[in-house]
Amino acid sequence: QVQVVESGGGSVQAGGSLRLSCASSIRTYPYYCLAWFRQAPGKEREGVANINTSGGSTYYVDSVKARFTISQNNAKNTLYLQMNSLKPEDTAMYYCAAHRGYCASVMRSPDFDDWGQGTQVTVSS
């Protein structure tokens with residue numbers, strides 16, 4: 001089982017930026033998919049972006065393309081989500097998640113085995 005711990009959430013005005021971090025316990029297994037999900041009150045959990053630990057290919061949900069960037073620092077076992085040009089509709093609890101194997105372009109919560117506790121992002125207009 002992989003342990004993941006998010007940090008970096010907070011409150012920001014529309015148009016601002018935040019960077020989320022996720023420390024993971026991934027070790028030597030070569031192929032993991034790491035992802036960021038978010039869930040706003042009253043809404044379903046939504047996959048935001050994912051990245052293959054081997055090769056670094058990424059996928060993004062359309063609503064965050066060109067604004068968010070997912071990246072990884074393998075030496076530090078850390079996943080990042082750089083969020084720019086934030087909008088009030090980005091307000092949500094953001095979760096880091098992981099599963100063995102390659103990422104799919106469609107991010108479905110049941111595919112992920114390991115989840116963090118979440119970090120809150122609030123964007124005010």
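Residues Phe112 and Ile70 do not share a hydrophobic cluster, clusters being chains of Ile/Leu/Val/Met/Phe/Trp/Tyr side chains in contact below 4.5 Å. Residues Phe37 and Tyr94 fall into different hydrophobic clusters, defined by Ile, Leu, Val, Met, Phe, Trp and Tyr side chains chained together at heavy-atom separations under 4.5 Å. Met107 and Val64 are not part of a single hydrophobic cluster, where members link through side-chain heavy atoms under 4.5 Å apart. Linking ILVMFWY side-chain heavy atoms closer than 4.5 Å, directly or via other members, places Val2 and Trp115 in two distinct hydrophobic clusters. In the hydrophobic cluster analysis, where Ile, Leu, Val, Met, Phe, Trp and Tyr join through side-chain heavy atoms closer than 4.5 angstrom, Tyr32 is grouped together with Leu81.
Here the closest heavy-atom approach between residue Arg45 and residue Ser109 is recorded as CD-OG, 3.8 Å. The minimum heavy-atom distance linking Cys96 with Glu6 is given by the pair N-OE2, 2.8 Å. Closest non-hydrogen pair, Leu18 versus Gly8, comes out as CD2-O, 4.1 Å. Nearest heavy-atom pair, Ser71 versus Leu79, reported as atom, atom and distance to 0.1 Å: O-CD1, 3.3 Å. When every heavy atom of Ala98 is checked against every heavy atom of Leu34, the shortest pair comes out as CB-CD2, 3.5 Å. Scanning all heavy atoms of the two residues, the minimum distance from Tyr102 to His99 falls at O-CE1, 3.4 Å.
Rounded to the nearest 0.5 Å, atoms CG (Asp114) and OG (Ser25) are 7.5 Å apart. Put simply, OG1 on Thr69 and CE on Met83 are 11.0 Å apart, with the number rounded to the nearest 0.5 Å. Going from atom CE of Met93 over to atom OG1 of Thr122 covers 8.5 Å, rounded to the nearest 0.5 Å. For the atom pair OH of Tyr80 and CD of Gln72, the computed distance is 10.5 Å after rounding to the nearest 0.5 Å. Atom OH of residue Tyr60 and atom CD1 of residue Ile51 lie 7.0 Å apart, to the nearest 0.5 angstrom. Note that CD of Gln13 and OG of Ser125 are 9.0 Å apart. Values are rounded to the nearest 0.5 Å.
Checked for salt-bridge contact, Asp113 and Arg100 miss the test: no charged N lies under 4.0 Å from a carboxylate O. In this structure, Lys65 pairs ionically with Asp62, as a charged nitrogen and a carboxylate oxygen lie closer than 4.0 Å.
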* Thr91 and Gln120: side-chain contact (heavy atoms from CB on, under 4.5 Å), yes or no, with the steps? -> CA-CA 8 Å; Thr91 295; Gln120 179 68 38; 4.1 Å; yes
* To do: Quick one: do Gln3 and Val5 satisfy side-chain contact (heavy atoms from CB on, under 4.5 Å)? Show the steps, please.
  => CA-CA 7 Å; Gln3 294 187 346; Val5 179; 5.7 Å; no
* Taking it one step at a time, do Arg67 and Asp90 satisfy side-chain contact (heavy atoms from CB on, under 4.5 Å)? -> CA-CA 11 Å; Arg67 298 190 299 122; Asp90 295 318; 2.8 Å; yes
* Audit row: Glu46, Val61, side-chain contact (heavy atoms from CB on, under 4.5 Å) steps and yes/no -> CA-CA 9 Å; Glu46 172 189 41; Val61 69; 3.9 Å; yes
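In this model, a donor atom of one side chain and an acceptor atom of the other lie less than 3.5 Å apart for Ser57 and Asn52. Between Asn84 and Ser17, the side chains place a donor N or O and an acceptor N or O closer than 3.5 Å (distance only, hydrogens not considered).
Ring pair Phe68/Trp36: centre-to-centre distance not below 6.0 Å.
Applying the side-chain hydrogen bond (donor to acceptor under 3.5 Å, both in side chains) criterion to Thr58, with sequence neighbours excluded, gives no partner residue. Lys43 meets the side chain to side chain contact (heavy atoms under 4.5 Å, CB included) test with Ala40; sequence neighbours excluded.
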